[in-house]
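To start, the structure under review is shown below, and the notes come after it.
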Amino acid sequence: MAGELVEAMNMVKSFRVSDLQTLLASMGRSKSGLKHDLVGRALRLVQTEYSPELLKNVRQLYESRFPKASGWLAARRPEGVPVAYSSLSSSPTGTQGADYLNGIPKLSSTPAAEVKLVSLPFYQTLETLLPPTELIAQNSEKLQDSQCIFELTQSQADQVRTSTELRPGMKAIQVVLRICYTDSIGVQEDQYPPNIAVKVNQSYCHVPGYYPSNKPGVEPRRPCRPVNITPWLHLSTATNRATVTWGNFGKRYSVAVYLVRVFTSAELFSQLKHCSVESAERCRERIQDKLRFDPENEIATTGLRVSLICPLVKMRIGVPCRVLTCAHLQCFDAIYFLQMNEKKPTWTCPVCDKQAPFELLTIDGLASEILKETHEDIEEIEYLTDGSWRPIRDEKERERERSNTPDYPVVDICVPEANGHSPAHSSTSQTGKSGAGSTAGGTGGGVVVDLTLDSEEEEEEEGGGGARGDSDDTEDSQDSPAPKRGRYDYDKDLVTAY
């Protein structure tokens, strides 16, 4: 047992990227990433899920790359087929012999008809015009041209011709060309060979280019999606010829042609809304299971906070969506997620970066109710152990009240008014007009104002006249009462107002 495990791990370490992707896909694992990521993932798979089936797959992949003897090659070669250059046949049942790669005979491939392409959410296959057929090198050159021939029936041609347009130049019913690795184990994703170019009826088709990368040291990625060849086809029963130019660098590729119906993100959202909605009751049960007390866990979780802001666009979620296989309760906006995958198909969860295929997406019914019941100012909620929830806005407001000081109105007495005087001068000048004429008479200069003057003293000034002058002679008298204090705590003083 231990010897077989070590042997399988050594085989995995010698695999190429295509072999690692094949092994991971056959066991239901993700096959995206760089080579060192794939090697680590495959080694962990061998160590944790070792089984006879897994060992058989590893040995088959290893023997397909490192044959044991030349007699084994002869046994695999079909009878009556010489070791010569083979041409690409338009029929999947055509005889395919061994071909040469740099002068060395290469093992004849598994019939390409066994290759299965992964289904795409935005494409619904209506007819198979050309089943998966392997691209065979005609010589030892690095750049190869392979031709495939197919025809449309009259009904298929009419179906394409009369279909509606999703946008100018793009019909809802299309004929697409798909290319993938030649591998019969598992389903294959679209994969372009190096230096690819597609020519249909002597006219070059548009092939998606590379995505620019903003990260240093990261190579730009190329979106491998079906190539729309509809505009260059003969929409009749005439024969159509498609020539694929590809780089022959040791990997095997297969090409297929399909009649498909193309969906938009709005149509996919309509399907999701009608077919995959998780009820609020089921969501509450999921929350209760997640927050249920575990006696083996020393830390008890009494609540779980969830943001109402979409991690994709940093805006409030409109339609909350999750992936059924993800462990988190955080949702993202379904509409924006589908729109982004329509332009750049990654199908990755924006919360945990795990695979998020369309078939596993679901709309969260409880989160939908919460978004309808809460105000737009609330950006976060907390799920409780009984399945209920509460907003977080109140706590934030209390923290803000504790941290901020009370607001009081501030009056700036130094700001001049339109007449050039300060507010203090204006108010006191009006008071002076009703009292002594010496105070109100301004010549445009500074005016001396007694800010501690009582209303009783103002009345004495208005009625006394000369009594004011007599009081100056008797100030030093001991019998005179103590001077009155103003309405302020400080001593009576004169302030100059400008």
For side-chain hydrogen bond (donor to acceptor under 3.5 Å, both in side chains), just list the numbers for Thr22 and Asp183, CA-CA rounded to whole Å, side-chain angles, deciding distance to a tenth of an Å, and then say yes or no.
CA-CA 7 Å; Thr22 301; Asp183 201 328; 2.2 Å; yes
Can you name the residues that form a side-chain hydrogen bond (donor to acceptor under 3.5 Å, both in side chains) with [X], not counting sequence neighbours?
X: Asp145; answer: Thr245
X: Arg284; answer: none
X: Glu359; answer: none
X: Arg316; answer: Thr374

Partner set under side-chain contact (heavy atoms from CB on, under 4.5 Å) for [X], not counting sequence neighbours:
X: Arg44; answer: Arg41
X: Leu384; answer: Glu382, Asp386, Ser388, Arg390
X: Ser368; answer: Pro320, Ile363
X: His328; answer: Cys326, Gln330, Cys349, Val351, Cys352

First locate atom [atom1] of [X], then atom [atom2] of [Y], and finally report the distance between them rounded to the nearest 0.5 Å.
X: His234; Y: Leu152; atom1: NE2; atom2: CG; result: 10.0 Å
X: Cys283; Y: Tyr383; atom1: SG; atom2: OH; result: 7.0 Å
X: Asp158; Y: Ile173; atom1: CG; atom2: CD1; result: 12.5 Å
X: Thr164; Y: Lys171; atom1: OG1; atom2: NZ; result: 8.0 Å
X: Gln339; Y: Thr264; atom1: CD; atom2: OG1; result: 9.5 Å
X: Ser18; Y: Leu38; atom1: OG; atom2: CG; result: 10.5 Å

Taking salt bridge (Lys or Arg N to Asp or Glu O under 4.0 Å) as the test, write out the residues that go with Asp333, two or more places apart.
none
Among all residues two or more places apart in sequence or in another chain, which pass the salt bridge (Lys or Arg N to Asp or Glu O under 4.0 Å) test with Glu189?
none
Under the side chain to side chain contact (heavy atoms under 4.5 Å, CB included) criterion, do Lys13 and Leu43 qualify, and how do the steps go?
CA-CA 8 Å; Lys13 293 178 181 179; Leu43 290 176; 4.2 Å; yes
Determine, stepwise, if the pair Asp289 / Arg286 fulfils salt bridge (charged side-chain N to carboxylate O under 4.0 Å, His left out).
CA-CA 5 Å; Asp289 293 341; Arg286 185 190 298 271; over 6 Å; no
Looking only at heavy atoms, which two atoms of [X] and [Y] are closest? And how far apart?
X: Asn195; Y: Gly247; answer: OD1-CA, 4.2 Å
X: Ala327; Y: Lys290; answer: O-NZ, 2.8 Å
X: Asn201; Y: Leu233; answer: ND2-CA, 3.9 Å
X: Thr346; Y: Asn341; answer: N-OD1, 3.0 Å
X: Trp232; Y: Asn228; answer: CZ3-O, 3.4 Å
X: Ile179; Y: Pro193; answer: CG2-CD, 3.7 Å

Can you classify the ring geometry of Trp347 versus Phe358 as parallel (below 30°), tilted (30 to 60°) or perpendicular (above 60°)?
perpendicular
May I ask you to check whether over 12 heavy atoms, not counting those of [X], lie within 6.0 Å of atom [atom1]?
X: Met170; atom1: CE; value: yes
X: Phe263; atom1: CZ; value: yes
X: Glu165; atom1: CD; value: yes

Under a 4.5 Å cut-off applied to non-hydrogen side-chain atoms, are [X] and [Y] in contact?
X: Ile381; Y: Arg305; value: no
X: Leu23; Y: Leu54; value: yes
X: Leu129; Y: Gln156; value: yes
X: Leu166; Y: Val262; value: yes
X: Ile370; Y: Glu373; value: no
X: Leu24; Y: Leu45; value: yes
X: Trp246; Y: Pro194; value: no
X: Ile317; Y: Ile309; value: no

Can any side-chain N or O of [X] pair as donor or acceptor with the backbone N or O of [Y] at less than 3.5 Å?
X: Ser184; Y: Val115; value: no
X: Gln202; Y: Lys199; value: no
X: Gln188; Y: Ile185; value: yes
X: Tyr192; Y: Ala197; value: no

Between Gln154 and Thr237, is any side-chain donor less than 3.5 angstrom from a side-chain acceptor?
no
Pair Leu272, Cys321 - check side chain to side chain contact (heavy atoms under 4.5 Å, CB included), show working.
CA-CA 10 Å; Leu272 181 67; Cys321 182; 4.3 Å; yes
By ring pair (Phe, Tyr, Trp, His ring centres under 6.0 Å) - contacts of Phe332 (at least two apart):
Phe337
Check ring pair (Phe, Tyr, Trp, His ring centres under 6.0 Å) between Tyr181 and all other residues, then give those that pass, not counting sequence neighbours.
Tyr253
Show, in sequence, the C-alpha distance, side-chain angles and deciding distance for Glu151 and Thr239, and conclude whether the side-chain hydrogen bond (donor to acceptor under 3.5 Å, both in side chains) test is met.
CA-CA 5 Å; Glu151 297 177 354; Thr239 301; 2.9 Å; yes
Test salt bridge (charged side-chain N to carboxylate O under 4.0 Å, His left out) applied to Asp190 and Arg225, step by step
CA-CA 6 Å; Asp190 292 71; Arg225 60 177 66 186; over 6 Å; no
Apply side chain to side chain contact (heavy atoms under 4.5 Å, CB included) to Val176 and Ile229, showing your working.
CA-CA 6 Å; Val176 297; Ile229 61 175; over 6 Å; no
